[in-house]
2 protein chains.
Amino acid sequence: MSAIFGALSNPNRLQIFLRLIACCSEGDSWLTEPEPCPCVSELGEDTGLAMSTISHHMKELSRAGLIRMDRNGQKVECRIDPSTLEKINVFFGGCCKPWKK
Amino acid sequence: MSAIFGALSNPNRLQIFLRLIACCSEGDSWLTEPEPCPCVSELGEDTGLAMSTISHHMKELSRAGLIRMDRNGQKVECRIDPSTLEKINVFFGGCCKPWKK
DNA sequence: TCGATAATTCGAAACATGTCGAAAAGTCGA
DNA sequence: TCGACTTTTCGACATGTTTCGAATTATCGA
């Protein structure tokens, strides 16, 4: 669990993660619309980081289980792993329960 | 937001945080039962860390807004800050929505 | 006021992370 | 096969984190 938080503790990584969330949130489920996922270089566009650094960050997000990376030709497509997202939701849902008003 | 994740990215800090969650989760709301909150040394008991290290970790959790620390005599009482917990819940709730089955 | 208890601050050491550029590897079209 | 494009790997360096022990501060009871 702390590995997941570690992955999101870096501002650049969080930015990449949120961009990935945003670009797939137009009502498209990950399962029903598997084609148009952004690649590594696309996701790092606005960060101002070197390509090698972006690659490193993507690997961190992947190792934490937050995203999946699948090569498709030259590009490596990235997508959110919804099961990990759900895992986090359950974690904090349980945490918050006693304080729910 | 990344500061919150940073605070939880350390295993010892996460353990302390979870202990604080657990010890106040017996149906007692933070608002209705403000008295019996564990102090700094109590929370670090099972970590095997030096007192100075525990103090440092508590400060990190506090700076992230996850807990509040209030001196009560010799001891400093620690309690979860439910508003930050709710903030996290909203964050991930919004994230998960597009992937909800 | 003194001693005990609880917590913080400080400096230092070990370790981990973030970043880059250069080089290498994978993939595709000509 | 060659060159262009995308990505990964590697080595290096700067910065940040984790941890400790010692010293300091805060509070209370005797």
Side-chain angles (χ1 to χ4, degrees), chain A residues 1-20 23-24 34-81, chain B residues 1-20 23-24 34-81:
Chain A
M1 207 67 207
S2 62
I4 294 175
F5 298 132
L8 297 176
S9 69
N10 178 274
N12 288 317
R13 226 144 46 206
L14 183 58
Q15 180 183 331
I16 291 171
F17 175 75
L18 290 177
R19 175 161 179 174
L20 197 49
C23 74
C24 305
E35 295 305 340
C37 280
C39 65
V40 173
S41 53
E42 244 176 308
L43 286 168
E45 259 166 11
D46 302 334
T47 59
L49 297 174
M51 195 58 223
S52 56
T53 306
I54 294 164
S55 178
H56 168 250
H57 282 323
M58 300 311 293
K59 200 163 69 175
E60 284 297 300
L61 288 171
S62 176
R63 287 204 299 151
L66 286 162
I67 68 169
R68 294 197 205 164
M69 304 175 71
D70 300 292
R71 184 171 278 276
N72 188 355
Q74 289 174 298
K75 303 189 175 184
V76 172
E77 293 180 352
C78 305
R79 37 174 71 83
I80 297 291
D81 187 332
Chain B
M1 207 67 207
S2 61
I4 293 175
F5 297 133
L8 297 176
S9 69
N10 177 275
N12 288 317
R13 230 145 41 206
L14 183 59
Q15 180 183 330
I16 291 170
F17 175 75
L18 291 177
R19 175 160 179 174
L20 196 50
C23 74
C24 306
E35 295 305 339
C37 280
C39 64
V40 174
S41 53
E42 245 176 308
L43 285 167
E45 260 166 9
D46 302 336
T47 60
L49 298 173
M51 195 57 222
S52 57
T53 306
I54 295 164
S55 178
H56 167 251
H57 283 323
M58 299 312 292
K59 199 164 70 176
E60 284 297 300
L61 289 170
S62 176
R63 287 204 297 152
L66 286 162
I67 67 168
R68 295 197 204 165
M69 303 174 72
D70 300 293
R71 185 171 275 276
N72 188 355
Q74 288 174 298
K75 302 189 174 182
V76 171
E77 291 180 352
C78 304
R79 38 173 70 80
I80 297 289
D81 186 332

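Treat the numbers as computed from the prediction; the structure is a model and nothing was measured.
The distance from atom CG of A:Leu8 to atom CG of A:Leu66, rounded to the nearest 0.5 Å, is 5.0 Å. Residue A:Cys78 holds its SG atom at 8.5 Å from CG of A:Asp70, rounded to the nearest 0.5 Å. Separating the CD1 atom in B:Ile80 from the CZ atom in B:Phe17 is a distance of 4.5 Å, to the nearest 0.5 Å. Taking CG of A:Leu43 as the reference point, atom CD1 of A:Ile16 lies at 6.5 Å (rounded to 0.5 Å). In this structure, the separation between CZ on B:Arg79 and SG on B:Cys37 is 4.0 Å, given to the nearest 0.5 Å. Distance check: B:Asn12 CG to B:Asp46 CG gives 11.0 Å after rounding to the nearest 0.5 Å.
Whole-Å rounding puts the B:Leu8 CG to D:dT17 P distance at 15 Å. Rounded to whole Å, the distance from CG on B:Asp70 to P on C:dT8 is 12 Å. Rounded to a whole Å, the CD1 atom of A:Ile54 is 12 Å from the C1' atom of D:dT6. One interatomic measurement links the two molecules: CZ of A:Phe5 to P of D:dT17, which rounds to 18 Å at whole-angstrom precision. Rounded to whole Å, the distance from CE on B:Met58 to P on C:dT8 is 8 Å. Going from atom CD of B:Glu77 over to atom C1' of C:dT8 covers 18 Å, rounded to whole Å. With rounding to whole Å, A:Glu45 atom CD is found 10 Å from D:dT7 atom P. For B:Gln15 and D:dT18, the CD to P distance is 14 Å, given to the nearest whole Å.
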Can you check nucleotides 14-16 of chain D for protein contacts, nitrogen or oxygen pairs under 3.5 Å, and list what you find?
none

Output a table of nitrogen or oxygen pairs between the protein and nucleotides 27-30 of chain D separated by less than 3.5 Å.
residue : atom : partner : partner atom : Å
D:dT27  : O2   : B:Gln74 : NE2          : 3.2

Dump the pairs, protein N or O against N or O of nucleotides 19-23 of chain C, anything under 3.5 Å, distances to one decimal.
residue : atom : partner : partner atom : Å
C:dT19  : OP1  : A:Asn12 : ND2          : 2.8
C:dT19  : OP2  : A:Asn12 : ND2          : 3.4
C:dT19  : OP2  : A:His57 : NE2          : 2.6
C:dC20  : OP2  : A:Ala50 : N            : 2.7
C:dC20  : OP2  : A:Thr53 : OG1          : 2.9
C:dG21  : N7   : A:Ser52 : OG           : 3.3
C:dG21  : O6   : A:Ser52 : OG           : 2.9

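Checked by atom type and distance alone, the side chain of A:Arg19 pairs as donor or acceptor with a backbone atom of A:Glu42 at under 3.5 Å.
The minimum heavy-atom distance linking A:Gln74 with A:Arg71 is given by the pair O-NH1, 3.0 Å. Between A:Ala64 and A:Ala7, the shortest heavy-atom contact is CB-CB, 3.6 Å.
Scanning for side-chain contact (heavy atoms from CB on, under 4.5 Å) contacts around B:Met51 gives B:Val40, B:Ser41, with sequence neighbours left out.
A sub-4.0 Å separation between OP1 or OP2 of C:dA6 and a side-chain N or O of B:Ser55 is absent. In terms of phosphate contacts, A:Arg13 brings a side-chain nitrogen or oxygen within less than 4.0 Å of OP1 or OP2 of C:dG18.
Residues of residues 59-66 of chain A that place a heavy atom closer than 4.0 Å to DNA chain C do not occur.
A side chain to side chain donor-acceptor pair (under 3.5 Å) check over residues 47-59 of chain B, counting only residues at least two apart or in different chains, returns the pairs B:Arg13-B:His57.
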